[in-house]
Amino acid sequence: MALERPLVEGGTVREGILSTIGNTPLVQLVRLFPDSPSRIFVKLERFNPGGSIKDRTALSMLRGKIESGELVPGRSVVIESSSGNLAIGLAQVCAYYAIRFICVVDPKTTRQNLAILHAYRAEIEMVEHPDPVTGEYLPVRQNRVRELCERIPDAYRPDQYANPLNAAAQRRTIAEIVTALDGQVDYLYCTTGTCGTLVGCVGYLREQGLSTRVVAVDAVGSAIFGGQPEPRLIPGHGASITPPLAADAAPDEVVHVSDLDCVVGCRLLLNREAILAGGSSGATVAALHRRIAQIPAGATAVLILPDNGDRYLDTIYSDQWVVRHFGEITHLWKDESC
């Protein structure tokens with residue numbers, strides 16, 4: 001006898017996993033800063049199927065070319081440099097459309113990310129040594145991508161740092177936020193790496209005539225806004241180059257946060273709101289914490305949380321790793337309000 005399955009009221013059936021990208025939850029936080037008279041919301045991009053906001057970017061950069069026939073399954077090869085979320089987003093899209101994907105990574109790429117890429121049948125190209133001038137891996141990874149594209153027929157390089165489709169994807173992200181809050185977005189905090197999220201959000205907000213104050217959250221040691229590149233522990237935001245997309249970035253404010261800030265932000269978010277989030281999410285929390293006293297009563301602040309924290313279990317959420325790099329600092333998040 002066949003089992004009867006009750007219908008879920010309001011349930012939606014979608015076609016294919018990629019159709020679930022976007023429309024992520026917007027959640028109000030009440031415990032993170034309990035004494036603040038402002039409203040704080042977070043956009044949880046972890047609910048994209050690949051686990052991060054970069055699913056939006058990957059789909060935007062590939063789907064149009066696939067549908068137009070520029071990228072052909074069984075013939076075309078997507079080649080990109082990424083050590084984290086974009087790599088997984090591209091691997092997911094390429095696996096869905098049966099397109100070969102080569103990902104250039106470096107020794108900082110986590111074991112979890114490498115395992116996920118292997119599961120999606122991505123080909124891993126590992127660079128072994130950092131750039132001798134900057135000490136960073138990114139310039140070396142980008143050079144390897146160029147070399148592979150010159151050597152491999154039918155190669156396509158999305159180039160997230162310069163591709164306008166990166167920023168275009170994030171217009172939908174901010175549109176979802178604005179719609180959910182009926183346009184009442186006074187402050188927006190978003191981390192910067194490629195500047196895709198920043199450029200897409202600022203462009204949409206200004207076109208809509210909204211006066212939202214956009215705060216770009218960058219890493220200490222990042223070169224995005226003209227600083228000198230320095231070694232960083234936590235990936236996901238900041239860059240050792242100034243991305244071409246940064247030319248169109250026009251934030252109202254830039255806040256630089258340290259690796260320690262990111263760890264504390266993540267741990268506060270977990271302890272107070274039970275949200276396990278990635279390093280760049282902790283950066284936005286740290287930036288808001290630094291400015292929370294300046295936000296007027298009744299104002300609405302939104303933080304875009306780019307990914308989940310499960311890929312940081314060996315670092316940010318490992319007590320041993322934290323002690324090794326920062327010493328005993330649990331007092332910074334284990335307080336009476338937790």
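Both backbone and side-chain heavy atoms feed into the values below; hydrogens, waters and symmetry mates do not. Keep in mind it's a predicted model, so treat the numbers as computed, not measured.
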Seminar exercise, completed: With sequence neighbours left out, the residues meeting salt bridge (Lys or Arg N to Asp or Glu O under 4.0 Å) with R56 are E45, E176

Exercise. Can you tell me how far the CG atom of D131 sits from the CD atom of Q142, to the nearest 0.5 Å?
Worked result: 10.5 Å

Exercise. Is D314 close to R111 at the side-chain level, that is, under 4.5 Å between some pair of heavy atoms?
Worked result: yes

For this session: Run the numbers on V263 and F326 for side-chain contact (heavy atoms from CB on, under 4.5 Å), then give the verdict.
Result: CA-CA 10 Å; V263 171; F326 306 105; 3.8 Å; yes

Problem set entry | Among D186, T300, I40, L288, the one residue meeting side chain to side chain contact (heavy atoms under 4.5 Å, CB included) with I295 | L288

For this session: Ignoring hydrogens and angles, tell me if any N or O in the side chain of E273 forms a donor-acceptor pair with the backbone of V30 under 3.5 Å.
Result: yes

For this session: Answer yes or no: is there a side-chain heavy-atom contact under 4.5 Å between P49 and Q92?
Result: yes

Exercise. Can you list the other members of the hydrophobic cluster that holds L138, where links are side-chain heavy atoms under 4.5 angstrom apart?
Worked result: Y161, I241

Exercise. Roughly how far, to the nearest 0.5 Å, is CG of L62 from NZ of K65?
Worked result: 9.5 Å

Problem set entry | Pairs flagged by ring pair (Phe, Tyr, Trp, His ring centres under 6.0 Å) wherever residues 88-128 is involved - sequence neighbours left out | none

Exercise. Is the side chain of Y317 donor-acceptor paired with the backbone N or O of A277 at a distance under 3.5 Å, no angle test?
Worked result: yes

For this session: Determine yes or no for a side-chain-to-main-chain donor-acceptor pair under 3.5 angstrom, with N163 supplying the side chain and P158 the backbone.
Result: yes

Problem set entry | Salt-bridge criterion met for D252 and R206 (N-O under 4.0 Å) | yes

For this session: Measure the shortest side-chain to side-chain distance between R46 and I275 over non-hydrogen atoms and say whether it is less than 4.5 angstrom.
Result: yes

For this session: With rounding to the nearest 0.5 Å, note down the distance linking SG in C266 to CG in L305.
Result: 9.0 Å

Exercise. Would you say the side chains of N166 and T194 form a donor-acceptor pair under 3.5 Å?
Worked result: yes

Exercise. What are the two closest non-hydrogen atoms of I316 and W321, and how far apart are they?
Worked result: N-CE3, 4.0 Å

Problem set entry | Any side-chain heavy-atom pair of S240 and P139 under 4.5 Å | yes

Exercise. More than 12 foreign heavy atoms under 6.0 Å from CD of Q228: is that the case here?
Worked result: no

Exercise. Can you check whether R157 reaches R146 side chain to side chain, under 4.5 Å on heavy atoms?
Worked result: yes

Problem set entry | Side-chain donor-acceptor contact under 3.5 Å, S82 with E80 | no

Exercise. Is a side-chain N or O of D261 found less than 3.5 angstrom from the main chain of S258, in a donor-acceptor match?
Worked result: yes

Exercise. Do the side chains of L268 and V255 join up, straight or via other hydrophobic residues, at under 4.5 Å, putting them in one cluster?
Worked result: yes

Exercise. For N48 and S52, which heavy atoms make the closest approach, and how far apart are they?
Worked result: ND2-O, 3.2 Å

Exercise. Just wondering, more than 12 heavy atoms not from R324 lying within 6.0 Å of its CZ?
Worked result: yes

For this session: Sequence neighbours left out, what pairs pass ring pair (Phe, Tyr, Trp, His ring centres under 6.0 Å) with at least one residue falling in residues 256-308?
Result: F33-H289

For this session: Please name the pair of heavy atoms, one in P130 and one in G135, separated by the smallest distance, quoted to 0.1 Å.
Result: CB-O, 3.4 Å

Tabulate below the donor-acceptor pairs under 3.5 Å that side-chain atoms of residues 13-22 make, not counting sequence neighbours, or state none.
{"from": "R14", "atom 1": "NH1", "to": "S19", "atom 2": "O", "distance (Å)": "3.3"}
{"from": "S19", "atom 1": "OG", "to": "E15", "atom 2": "O", "distance (Å)": "3.2"}
{"from": "S19", "atom 1": "OG", "to": "G16", "atom 2": "O", "distance (Å)": "2.6"}
{"from": "T20", "atom 1": "OG1", "to": "I17", "atom 2": "O", "distance (Å)": "2.6"}

For this session: Give, for atom CG of D259 and atom CD1 of I234, the distance between the pair rounded to the nearest 0.5 Å.
Result: 5.0 Å

For this session: May I ask you to check whether over 12 heavy atoms, not counting those of R121, lie within 6.0 Å of atom CZ?
Result: no

Seminar exercise, completed: In this structure, SG of C195 is separated from CD of Q160 (nearest 0.5 Å) by 11.0 Å

For this session: State yes or no: do V72 and V78 share one hydrophobic cluster built from I, L, V, M, F, W and Y residues joined by side-chain heavy-atom distances below 4.5 Å, directly or via other members?
Result: no

For this session: Verify, without hydrogens or angle tests, whether K43 (side chain) and T173 (backbone) share a donor-acceptor contact under 3.5 angstrom.
Result: no

For this session: Please answer: with hydrophobic residues joined when any side-chain heavy atoms are less than 4.5 Å apart, are M61 and V77 in the same cluster?
Result: no

Exercise. Below 4.5 Å, heavy atoms only, C-beta onward: do L233 and T315 meet side chain to side chain?
Worked result: no

Exercise. Linking I/L/V/M/F/W/Y whenever their side-chain heavy atoms sit closer than 4.5 Å, directly or via other members, would L303 and V199 fall into one cluster?
Worked result: no

Problem set entry | Pairwise distance OG(S281) to CG(L269) - rounded to 0.5 angstrom | 7.0 Å

Exercise. Does T212 use its side chain to pair, donor to acceptor, with the backbone of Y187 at less than 3.5 Å?
Worked result: no

Exercise. Under the 3.5 angstrom rule, does the side chain of T192 hit a backbone N or O of A216 as a donor-acceptor pair?
Worked result: no

Problem set entry | Side-chain H-bond candidate by donor/acceptor type, D307 with Y312, under 3.5 Å | yes

Problem set entry | Check: F47 main-chain N/O paired with T24 side-chain donor or acceptor under 3.5 Å | no

For this session: Mind listing the closest non-hydrogen atom pair of A239 and G193 along with its distance?
Result: CB-O, 3.9 Å

For this session: Please check if the side chain of R39 supplies one atom and the backbone of L29 the other of a donor-acceptor pair under 3.5 Å.
Result: no

Problem set entry | Linked, directly or transitively: I116 and M126 (ILVMFWY side chains, under 4.5 Å) | yes

Problem set entry | Pairwise side-chain contact, I152 with I102, heavy-atom cut-off 4.5 Å (strictly under) | yes

Exercise. Side chains of Q170 and T57: is there a donor and an acceptor less than 3.5 Å apart?
Worked result: yes

Seminar exercise, completed: All heavy atoms of V104 vs all of R141, minimum pair found to be O-CD, 3.6 Å

Seminar exercise, completed: Nearest heavy-atom contact between V257 and H237 is CG2-NE2, 4.1 Å

For this session: Check the side chains of D218 and S222 for a donor-acceptor pair under 3.5 angstrom, ignoring hydrogens and angles.
Result: yes

Exercise. Who else is in V178's hydrophobic cluster (ILVMFWY, side-chain heavy atoms under 4.5 Å, direct or via others)?
Worked result: L26, F41, I53, I174, I177, L181, V185, L188, L198, V202, Y204, L205, L210, V214, I224, F225, V254, V302, I304

Exercise. When you measure from the side chain of T109 to the backbone N and O of D106, does any donor-acceptor pair fall under 3.5 Å?
Worked result: yes

